[in-house]
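Below, read A as the first sequence line, B as the second, and so on, with proteins coming before strands; counting in each chain starts at 1. Values in this document were obtained by computation on a predicted structure and should not be read as measured data.
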Amino acid sequence: MFARTGYKGEFNMVGQWFPKIGVRTGPPGLEQWQCAALSAFTEFFADFGVYDVTITVPSTYTVAATGVLTQAQESPGGTRTFTYHAEDVHDFAWAADPYFNTRSQDVTVDGGPPVHVKVYFRNEQLDFALRHLQAGVGAIEKFSADFTPYPWSQMTIIDPPMDAAAGAGGMEYPTLVTTEGDSVFVRPGMKFPEYVTVHEVGHNWFQGILASNEPEEAWMDEGVNEWADAHVMADLYGARTNGIDQFGFQADIVALRNALLGDPSSLPQPIASAAYAFVDGEAYSFATYDYTMRALLTLEHEVGTAKFMAAMKTYAKTFAFKHPTGSDLFATLSHELGEDLGWFFGPTFQQAGGAHLEIRSSSCRQAHEIRGYITDGASKKTRTETEAPDTGTWVCEVVVQNTGPVHVPVDVELRFTDGSTQRLHWDDKGAGTFERFSVEHSTKLASVRIDPDGIDMIDSPLQHAHRMDGEGAASLRAGARIGSWAQTLMQLVGP
Amino acid sequence: MRKSGSLDVRLTLGDLVGSGSRALTRYTGTLMTVFVVQALVAFATMLACAVVLASVFSHLPMWDDAVDGDLVSLVTCLRFARLNLAACAGIVFGAVLLWQLASWFLVGGVYGVLSQRPEGRAETARTFGASGTATYLAYARLALCSLPGYLVVLFVFAICTGAVAGRIEHALTVGDLVMPVIVSLVPAGVLLHVLWTVSDYARVELTLRHDSHAPGSLRAYLRAFAFVLRRPLTLVHASLGWLGFAAITVGYMYLASGHPMYGAEGAITLFVIRSGVSLARMALRFAVLAGQVDLGGSRPPPPRRVEIKSDAKPQ
């Protein structure tokens, strides 16, 4: 099994196995054929068609394939023949295994005919197959409601055997996906298997229906799908628990991934690079999947979720069964959201570097009139502390900066030692790299927090908050735990 | 079977357990001395790590959430301060290494007290210090002798784990995991238990026979190996101690789960409670050492080295 195609034992996964139909794109009179070959970082760019496929296998085998099974019959020589029909798809894949079992469930979409969701699995994977089935059903419901109704009558989910999962799992084709994540170490509260299924089913929208050019703009299916998956996972499994809810830990999958992955400022190339042009797989993966997701979430937080979801729904309905480009997406969003979003799309998608928001400095001093040597034309005067006493209030100055190319308007929250707070706004759309705030207050600053509402998902939030006075209690608690672990180790090596 | 007035005394498991409990009540001060030294090392480790972490996190509020159990905050902070974490790991390693070096003196002192059974604080302190000093280098040489055995343990663990790695990777249920984990851990675990017990009895011999026979470390190690293999009681008795160690540890983890500590008072309280757990474990270990001294003392002594002196006058 290699790159999602091949066999492992008696399990066969057959994808990328026939000459695919290219796409003729371009303005009228300037059309060109787009026939990109499949390579390490690129997948599909093909056109829609009607597929009728006949597959003959040994009679002990069960087949799972794109589309709808129209005929199954026993053939001479100990074989059986399956015929599948699929319309408005741009690819066809199938799998065969003599040990497949199935579970299925129907889901109703937008009041239309039911969609038949079927999972193929080996018996020992039954528990995980049921998890994948529920995730698939939920994904079809949510994606249909959020974007455009699932247009086909069948969804096939293949849960590959354990020894084939690494090679065959986690892949998408129209109306057929392979999933993965089955393991005793993935407890029911860890939603990784569900996430894989939701992600692959989601590809039926982002790239299956909205058939963008993946070799040239991979972020449009992987990254946009990741953004959509975050919503579906939160709807299905809870805002705070859709990643992990086990062993006393809770985390949503987006926040957990952001914490685990690096800073976009480390990427040497922008998001909108051709998939085959990324310097390595790590850069491709981070830019195409995670950074794109973070960028869209940031814009969504900026404009409001309801407005953004409505705009994305319009995009999906407008370009269903077409080949949208990044420009089409940006233009649709700008139009639906009622403003030119070039200040965001340009730096975020066309430049490397990300955002880097941080508090440059924060300080307070006693408020008083000007002291020192003062000249006023010809007259000179020295004003001392006695003549310009402290007024009893404090003047606090905070400088925030953003040294990355991506700029996002954010609030800055000042918290004072008397417990009061004050919010200021930095309407940063790329005009400058820093902003200075100066406020007068009855008490000193206790802490400063940039982006208290968590709008910016691109940047790490760790340095968005600063305490004026250092506090060591948490470090002492952590030290106590480390000290007790050290004592346990000492007792293992000595008395 | 016991023959009074004879070295050929067949002690039972009950005798060894009884020796341990008597030693705990009689030499509580000795136990506490060793424990206080260990607790001080652990406390110093705690403070050092707290300073290292505070140097980077004292002004960052997210660290508070991380320490209180928020997974995302914890991952974010740990990624940010990898060098500080490495420094903390180095502090822990240094503390454990320091303790290893110190334990040769402390264990020697404990064995000396348990074998000579001094009366009174002053006599006990004198015996502790003299025995620890006398056997320190012998114990250091013994540690070197035991190193090849530990390398074999690592080798066995690697081989066994490699043999079942595929089954562990593809396990779907806890049932699928049981046999591979047993195959992976048990052979190396049994070998490690044997080697630890051998080291314990070699130290007993080095302490008991130091003045009378001056046994070499390598010879004591090999004799102890043969003794442990001939007397399974040694392994059973030692395993009781380790089972108790594990039970106390797991029991505390179960009781403590879901009970975060807040504020600096919480850190001290946390340390005190965990020190109590450590004291219970050390008491168990102390009791095991006492039983080992009794059983080791019932062994026939090693051959005595004889110096040959000639009265013949030189020609």
Notebook entry, point to check: If you draw a 6.0 Å radius around CD in A:E397, do more than 12 non-hydrogen atoms from other residues or ligands fall strictly inside?
Noted result: yes
Notebook entry, point to check: Side chain, backbone, both or neither: which part of A:R240 has an atom under 4.5 Å from a heavy atom of chain B?
Noted result: side chain
Next item on the list: Mind checking the CG-CG spacing from B:L71 to A:D245? Nearest 0.5 Å is all I need.
Entry: 11.5 Å
Notebook entry, point to check: Roughly how far, to the nearest 0.5 Å, is OG1 of B:T173 from CG of A:D182?
Noted result: 12.0 Å
Check: What part of A:I359 gets closer than 4.5 Å to chain B, counting heavy atoms only: side chain, backbone, both or neither?
Finding: neither
Check: For B:Y150, does the OH atom have more than 12 heavy-atom neighbours from other residues, nucleotides or ligands under 6.0 Å away?
Finding: yes
Next item on the list: Select one option (side chain, backbone, both, neither) describing which atoms of B:D70 are under 4.5 Å from chain A's heavy atoms.
Entry: side chain
Check: Checking heavy atoms, do the side chain of A:P161, its backbone, both or neither come under 4.5 Å from chain B?
Finding: neither
Note to self: Below 4.5 Å, heavy-atom pairs only: which of A:L260, A:L489, A:N258 has the largest tally toward chain B?
What the structure shows: A:L260
Item checked: Heavy-atom pair count under 4.5 Å with chain B, highest-scoring of A:Q491, A:H464, A:H466, A:E124 -> A:Q491
Checklist line | Within 6.0 angstrom of A:R360 CZ, more than 12 heavy atoms from elsewhere | finding: no
Check: What part of A:D469 gets closer than 4.5 Å to chain B, counting heavy atoms only: side chain, backbone, both or neither?
Finding: backbone
Notebook entry, point to check: Which region of B:D176, side chain (C-beta onward) or backbone (N, CA, C, O), has a non-hydrogen atom less than 4.5 Å from a non-hydrogen atom of chain A, or is it both or neither?
Noted result: neither
Next item on the list: Measure the shortest side-chain to side-chain distance between B:I168 and A:F185 over non-hydrogen atoms and say whether it is less than 4.5 angstrom.
Entry: yes
Check: When rounded to the nearest 0.5 angstrom, what distance separates CZ in A:R481 from CZ in B:R274?
Finding: 6.0 Å
Next item on the list: For each of B:W99, B:W63, B:F286, tally heavy-atom pairs with chain A at distances under 4.5 Å, and name the one with the top tally.
Entry: B:W99
Note to self: So for A:F247, is it side chain, backbone, both, or neither that comes closer than 4.5 Å to the heavy atoms of chain B?
What the structure shows: neither
Next item on the list: Indicate yes or no for a side-chain donor-acceptor contact from A:R477 to the backbone of B:V67 under 3.5 Å, with no hydrogens or angles considered.
Entry: no
Margin query: Please check: side-chain N/O of A:Q487 versus main-chain N/O of B:S278, any donor-acceptor pairing under 3.5 Å?
Written below: no
Next item on the list: Check each atom of B:L177 against the heavy atoms of chain A and say whether the ones under 4.5 Å are side chain, backbone, both or neither.
Entry: side chain
Margin query: Can you tell me if A:Y7 has over 12 outside heavy atoms packed within less than 6.0 Å of its OH?
Written below: no
Check: Given that the side chain runs from C-beta out, which part of A:L492 has a heavy atom under 4.5 Å from chain B: side chain, backbone, both or neither?
Finding: both
Check: Do B:H170 and A:D163 have side chains that get closer than 4.5 Å, going by heavy atoms?
Finding: yes
Next item on the list: Heavy-atom pairs under 4.5 Å with chain B are the metric here; pick the option from A:V493, A:L462, A:I482 that has the most.
Entry: A:L462
Item checked: Among B:S58, B:A66, B:A50, B:A95, residue most engaged with chain A (heavy-atom pairs, under 4.5 Å) -> B:S58
Notebook entry, point to check: Less than 4.5 Å apart, any side-chain heavy atom of A:Q463 and any of B:F80?
Noted result: yes
Check: Out of B:Q100, B:R79, B:E169, which one racks up the most heavy-atom pairs below 4.5 Å with chain A?
Finding: B:R79
Check: Between A:S460 and chain B, which part of the residue has a heavy atom less than 4.5 Å away: side chain, backbone, both or neither?
Finding: side chain
Item checked: B:H59 (side chain) donor-acceptor with A:R467 (main chain) under 3.5 angstrom -> yes
Next item on the list: Name the region of B:F43, side chain, backbone, both or neither, that has any atom closer than 4.5 Å to a heavy atom of chain A.
Entry: neither
Margin query: Please find the pair of heavy atoms, one from A:A474 and one from B:D64, that lie closest to each other, and give the distance.
Written below: CB-OD1, 3.6 Å
Check: Can you say whether B:W104 sits under 4.5 Å from chain A via the side chain, the backbone, both, or neither, judging by heavy atoms?
Finding: neither
Check: Looking at OG of A:S475 and CG of B:L47, how far apart are the two atoms once the value is rounded to the nearest 0.5 Å?
Finding: 12.0 Å
Next item on the list: Quick one: which of B:A54, B:S55, B:P61 has the most heavy-atom pairs under 4.5 Å with chain A, could you say?
Entry: B:P61
Notebook entry, point to check: Taking every heavy-atom pair that is under 4.5 Å apart, which of A:A486, A:G243, A:A478, A:S484 has the most such pairs with chain B?
Noted result: A:S484
Note to self: Tell me the closest heavy-atom pair linking A:S183 and B:L172, and the distance in Å.
What the structure shows: N-CD2, 4.2 Å
Note to self: I'd like to know which of B:R285, B:R281, B:M282 tops the heavy-atom pair count under 4.5 Å against chain A.
What the structure shows: B:R281
Margin query: Just so I understand: if I count every heavy-atom pair under 4.5 Å between each of B:V92, B:L60, B:T45 and chain A, which residue has the most?
Written below: B:L60
Next item on the list: Can you tell which part of A:S447 gets under 4.5 Å to a heavy atom of chain B, answering side chain, backbone, both or neither?
Entry: neither
